[in-house]
Amino acid sequence: MSLTEHQITVDSLEWFYRESSPIGRTDLLPVVLLHGLVSQSYSWRNILPALANQGTRAIAPDWIGSGSSAKPEKRDFAYTPDAYITALEAFIKALEIERFSLVVQGFLGSVGLQYALRHPEQIANIAILNTPISTAAKLPWKIKQMGLPLAGEVMTQDPLLVDRTLEGGSRYRIEDKDLDVYRKPFLKTSAVGRALLASIRNLQLEKAMTEIESGFKQWQQPILIQWGTLDPWLSVDIAQKFADSVANAELVKLNNVGHYPQEHYHKTILEDLLPFIRRSQSN
């Protein structure tokens, strides 16, 4: 097993993704892991190898506009949930993934849930980590201010917004070597700041939450909700209410954990995530 980095161009959009491939044959379905704002696939660096170790192919892309994926101007890519979903459809098709387990986290992770509702036949099960899943979820001021007129244009060009957002959401310090990876796109090109600005302005959160809240009431596949209770932006009450409204959902509350659980508490996450993935995919 090894963690590898890849690039693939699909419909003129270049995707960067990280992948862990298991050694030998496996009968387990692959897992696709989607990151949130202002993160990238690097956030799954400790989750991917563990999935592969149990015989699961694990794929984590950088969203278009994030990390090392393409950062088209908004005239060429709308940065709306529908635009992201269409791009993700093409990416998954290009990798020849027919059915898979989905893991989502954070703002933009909600786009993955919208994808699942529109493609239920492809989804074996879903793990949700601190992702907006309710009309009660609001864009936090920390992120909302990045989309403001004039101020947003300036803020999204500052590489230190990565430090402030990731550490502010996590409630813990992130190692400099890791922050260097998250900052790198902002130091290389101004396009990543413009993409972030466009994403925040076009997130259509209220509309997306309505789709998610109503759509999952009819959902039948297993859902594991792992929720950092120290999340300053998304209350654990949101997770509890969602779990109570969905037929086949389990909520695991992660004490002393913030908005980005995979940054500091991957071992805790894996305790429940690995058997959940393995159990559901063998059905």
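Numbers for residues simply follow the sequence, beginning at 1.
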Peer 1: Is Arg194 close to Thr156 at the side-chain level, that is, under 4.5 Å between some pair of heavy atoms?
Peer 2: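 Heavy-atom side-chain distance check fails, nothing below 4.5 Å.
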Peer 1: If you round to the nearest 0.5 Å, how far is CZ of Arg45 from CD of Gln40?
Peer 2: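 Interatomic distance, Gln40 CD to Arg45 CZ, rounded to 0.5 Å: 9.5 Å.
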Peer 1: So does Asn248 have more than 12 non-hydrogen atoms from other groups sitting under 6.0 Å from CG?
Peer 2: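 Enclosed.
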Peer 1: Testing the basics here: between Ala50 and Leu274, what is the closest heavy-atom pair and its distance to 0.1 Å?
Peer 2: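 It is O-CD2, 3.8 Å.
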Peer 1: So, Thr80 and Asn202: side-chain donor and acceptor under 3.5 Å apart, yes or no?
Peer 2: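 No donor-acceptor contact under 3.5 Å links the two side chains.
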Peer 1: If you count the non-hydrogen atoms of other residues, nucleotides and ligands that lie under 6.0 Å from CD in Glu73, is the total more than 12?
Peer 2: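 Yes, enclosed.
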Peer 1: Could you give the distance from CH2 (Trp227) to CG (Asp231), rounded to the nearest 0.5 Å?
Peer 2: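 Separation between the atoms: 7.0 Å.
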Peer 1: Among Ile123, Ile212, Ile223, whose side chain to side chain contact (heavy atoms under 4.5 Å, CB included) with Leu113 holds?
Peer 2: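 Option passing the side chain to side chain contact (heavy atoms under 4.5 Å, CB included) with Leu113: Ile212.
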Peer 1: For Ala58, is there any backbone N or O sitting under 3.5 Å from a side-chain donor or acceptor partner on Thr56?
Peer 2: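 The answer is no, because no donor-acceptor pair under 3.5 Å joins these two groups.
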Peer 1: First locate atom CZ of Arg183, then atom CG of Leu161, and finally report the distance between them rounded to the nearest 0.5 Å.
Peer 2: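 Interatomic distance, Arg183 CZ to Leu161 CG, rounded to 0.5 Å: 10.5 Å.
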Peer 1: Checking side chain to side chain contact (heavy atoms under 4.5 Å, CB included) against Leu34, which of Val111, Val103, Leu88 comes through?
Peer 2: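 With Leu34 as partner, Val111, Val103, Leu88 yield a single side chain to side chain contact (heavy atoms under 4.5 Å, CB included), made by Leu88.
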Peer 1: Please report the shortest heavy-atom distance between Ala87 and Trp15, naming the atom on each side.
Peer 2: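 Result for this residue pair: O-CZ2, 3.5 Å.
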Peer 1: Do Thr135 and Glu213 have side-chain N/O donor and acceptor atoms under 3.5 Å apart?
Peer 2: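 Yes, side-chain donor-acceptor contact under 3.5 Å.
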Peer 1: Apply side-chain hydrogen bond (donor to acceptor under 3.5 Å, both in side chains) to the pair Ser69 and Tyr17, showing each step before the final yes or no.
Peer 2: CA-CA 8 Å; Ser69 286; Tyr17 64 98; over 6 Å; no
Peer 1: Before accepting this row, confirm whether a basic side-chain N of the pair Glu211/Arg118 lies closer than 4.0 Å to the acidic partner's carboxylate O.
Peer 2: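 Judged by the 4.0 Å cut-off on N to carboxylate O distance, Glu211 and Arg118 do form a salt bridge.
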Peer 1: From Gln226 CD over to Glu271 CD, what is the distance, rounded to the nearest 0.5 angstrom?
Peer 2: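 Interatomic distance, Gln226 CD to Glu271 CD, rounded to 0.5 Å: 9.5 Å.
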Peer 1: Do Leu166 and Leu197 share a hydrophobic cluster, counting only Ile, Leu, Val, Met, Phe, Trp and Tyr and linking them when any side-chain heavy atoms are less than 4.5 Å apart?
Peer 2: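 They do not share one cluster, since no chain of ILVMFWY contacts under 4.5 Å joins Leu166 to Leu197.
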Peer 1: Which pair of heavy atoms, one from Lys71 and one from Gly67, lies closest together, and at what distance?
Peer 2: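 Minimum heavy-atom contact is NZ-O, 2.7 Å.
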Peer 1: Which pair of heavy atoms, one from Ala124 and one from Leu29, lies closest together, and at what distance?
Peer 2: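 Between these two residues, the closest heavy atoms are CB-CD1, 3.7 Å.
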Peer 1: What orientation do Trp219 and Phe216 show, parallel under 30°, tilted 30 to 60°, or perpendicular over 60°?
Peer 2: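 Correct class here is tilted.
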Peer 1: Leu224 and Asn125: side chain to side chain contact (heavy atoms under 4.5 Å, CB included), yes or no, with the steps?
Peer 2: CA-CA 8 Å; Leu224 172 66; Asn125 59 349; over 6 Å; no
Peer 1: Does the distance from a Lys or Arg side-chain N to an Asp or Glu carboxylate O, for Asp180 and Lys177, drop under 4.0 Å?
Peer 2: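 Salt bridge flag = no for Lys177 with Asp180.
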Peer 1: Under the side chain to side chain contact (heavy atoms under 4.5 Å, CB included) criterion, do Ile143 and Trp233 qualify, and how do the steps go?
Peer 2: CA-CA 10 Å; Ile143 294 176; Trp233 305 328; 4.3 Å; yes
Peer 1: Would you kindly confirm whether Ile64 and Ile8 end up in one hydrophobic cluster when ILVMFWY residues are joined by side chain heavy atoms under 4.5 Å apart?
Peer 2: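 The answer is yes; both residues are in one hydrophobic cluster.
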Peer 1: Report yes or no: does Asn130 contribute a side-chain atom to a donor-acceptor pair with the main-chain N or O of Gly228 at less than 3.5 Å?
Peer 2: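 Checking the backbone N and O of Gly228 against the side chain of Asn130, a donor-acceptor pair under 3.5 Å is found.
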Peer 1: Is there side-chain contact between Ile59 and Ile97, with at least one heavy-atom pair below 4.5 Å?
Peer 2: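 The answer is yes; the side chains approach within 4.5 Å.
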Peer 1: Heavy atoms, side chains only, cut-off 4.5 Å: are Ile128 and Ile133 in contact?
Peer 2: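 Yes - at least one pair of side-chain heavy atoms lies under 4.5 Å apart.
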Peer 1: Do Gln262 and Gln105 pair up side chain to side chain, a donor and an acceptor below 3.5 Å, judged on atom types alone?
Peer 2: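 A donor-acceptor contact under 3.5 Å links the two side chains.
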Peer 1: Would a hydrophobic clustering, with Ile, Leu, Val, Met, Phe, Trp and Tyr connected at side-chain separations under 4.5 Å, put Phe16 with Val32?
Peer 2: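 Cluster IDs for Phe16 and Val32 differ.
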Peer 1: From Leu3 CG over to Ser20 OG, what is the distance, rounded to the nearest 0.5 angstrom?
Peer 2: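 Leu3 CG to Ser20 OG: 4.5 Å, rounded to 0.5 Å.
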Peer 1: Is it true that a side-chain atom of Gln157 and a backbone atom of Ser190 form a donor plus acceptor pair closer than 3.5 Å?
Peer 2: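 Such a contact is found between Gln157 side chain and Ser190 backbone.
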Peer 1: Is the CG atom of Leu187 crowded by more than 12 outside heavy atoms at less than 6.0 Å?
Peer 2: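 Yes, CG of Leu187 has more than 12 neighbouring heavy atoms, counting only those of other groups under 6.0 Å.
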Peer 1: Leu270 versus Ile47: any side-chain heavy-atom pair under 4.5 Å?
Peer 2: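 They are in contact (side-chain heavy atoms under 4.5 Å apart), so the answer is yes.
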Peer 1: When you check the gap from the basic side-chain N to the acidic O, do Glu153 and Arg201 get nearer than 4.0 Å?
Peer 2: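 Here Glu153 pairs with Arg201 in a salt bridge, since their nearest N and O are under 4.0 Å apart.
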Peer 1: Evaluate the side-chain proximity of Thr165 to Met146: yes if any heavy-atom separation is below 4.5 Å, no if none is.
Peer 2: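 Yes, side chains in contact.
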Peer 1: Please assess Tyr265 against Leu254 for the test side chain to side chain contact (heavy atoms under 4.5 Å, CB included), listing each intermediate value before the final yes or no.
Peer 2: CA-CA 9 Å; Tyr265 286 91; Leu254 307 174; 5.8 Å; no
Peer 1: Are any non-hydrogen side-chain atoms of Tyr260 and Ile174 less than 4.5 angstrom apart?
Peer 2: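 They are not in side-chain contact.
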Peer 1: Any heavy-atom pair between the side chains of Val192 and Ser66 that's under 4.5 Å?
Peer 2: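 No - every pair of side-chain heavy atoms lies 4.5 Å or more apart.
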Peer 1: Show the nearest heavy-atom pair for residues Lys138 and Leu205, with the distance to one decimal.
Peer 2: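 Nearest pair, atom of Lys138 first, then Leu205: C-CD2, 3.8 Å.
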Peer 1: Tell me whether the rings of Tyr172 and His264 are parallel (<30°), tilted (30 to 60°) or perpendicular (>60°).
Peer 2: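 Rings of Tyr172 and His264: tilted, as their planes differ by 30° to 60°.
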Peer 1: Indicate whether any N or O donor in one side chain lies under 3.5 Å from an N or O acceptor in the other, for His6 and Thr4.
Peer 2: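 There is such a pair between these side chains.
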Peer 1: Between the side chains of Asp178 and Tyr42, does any donor sit under 3.5 Å from an acceptor?
Peer 2: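 Indeed, the side chains of Asp178 and Tyr42 share at least one donor-acceptor pair under 3.5 Å.
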Peer 1: With the threshold set at 4.0 Å, does a side-chain nitrogen-carboxylate oxygen contact exist between Glu167 and Arg173?
Peer 2: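 Salt bridge: no.
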Peer 1: What is the distance from atom CG of Leu129 to atom CD1 of Ile225, rounded to the nearest 0.5 Å?
Peer 2: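 The CG atom of Leu129 sits 10.5 Å away from the CD1 atom of Ile225.
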Peer 1: For residues Ile92 and Gln122, determine if any side-chain heavy atom of one lies less than 4.5 Å from a side-chain heavy atom of the other.
Peer 2: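 Ile92 vs Gln122: side chains touch.
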Peer 1: His119 and Phe100: aromatic ring centres closer than 6.0 Å?
Peer 2: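 That pair fails the under 6.0 Å test.
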Peer 1: Near Glu206 CD, under 6.0 Å, is it more than 12 heavy atoms from other residues, nucleotides or ligands?
Peer 2: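 Atom CD in Glu206 is not packed in, count stays at 12 or less.
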Peer 1: Are Ser21 and Arg57 close enough that a side-chain donor and a side-chain acceptor fall under 3.5 Å?
Peer 2: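 Side-chain D/A pair, Ser21 to Arg57: absent.
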Peer 1: Does a donor on one side chain sit under 3.5 Å from an acceptor on the other, for Ser43 and Tyr182?
Peer 2: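 No, no side-chain donor-acceptor contact under 3.5 Å.
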Peer 1: What closest approach, in Å, do Ser68 and Asp62 show between heavy atoms, and which atom pair accounts for it?
Peer 2: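 Scanning both residues, the minimum pair turns out to be N-OD2, 2.7 Å.
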Peer 1: Working note: His259 + Phe107, criterion ring pair (Phe, Tyr, Trp, His ring centres under 6.0 Å); need CA distance, chi angles, decisive distance, verdict.
Peer 2: CA-CA 10 Å; His259 181 72; Phe107 294 87; 5.7 Å; yes
Peer 1: Evaluate the side chain to side chain contact (heavy atoms under 4.5 Å, CB included) criterion for residues Ile238 and Val236: first the C-alpha distance (whole Å), next the side-chain angles of each, then the deciding distance (0.1 Å), finally the verdict.
Peer 2: CA-CA 5 Å; Ile238 288 174; Val236 70; over 6 Å; no
Peer 1: Ignoring hydrogens and angles, tell me if any N or O in the side chain of Ser245 forms a donor-acceptor pair with the backbone of Phe242 under 3.5 Å.
Peer 2: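 Yes; at least one donor-acceptor contact below 3.5 Å.
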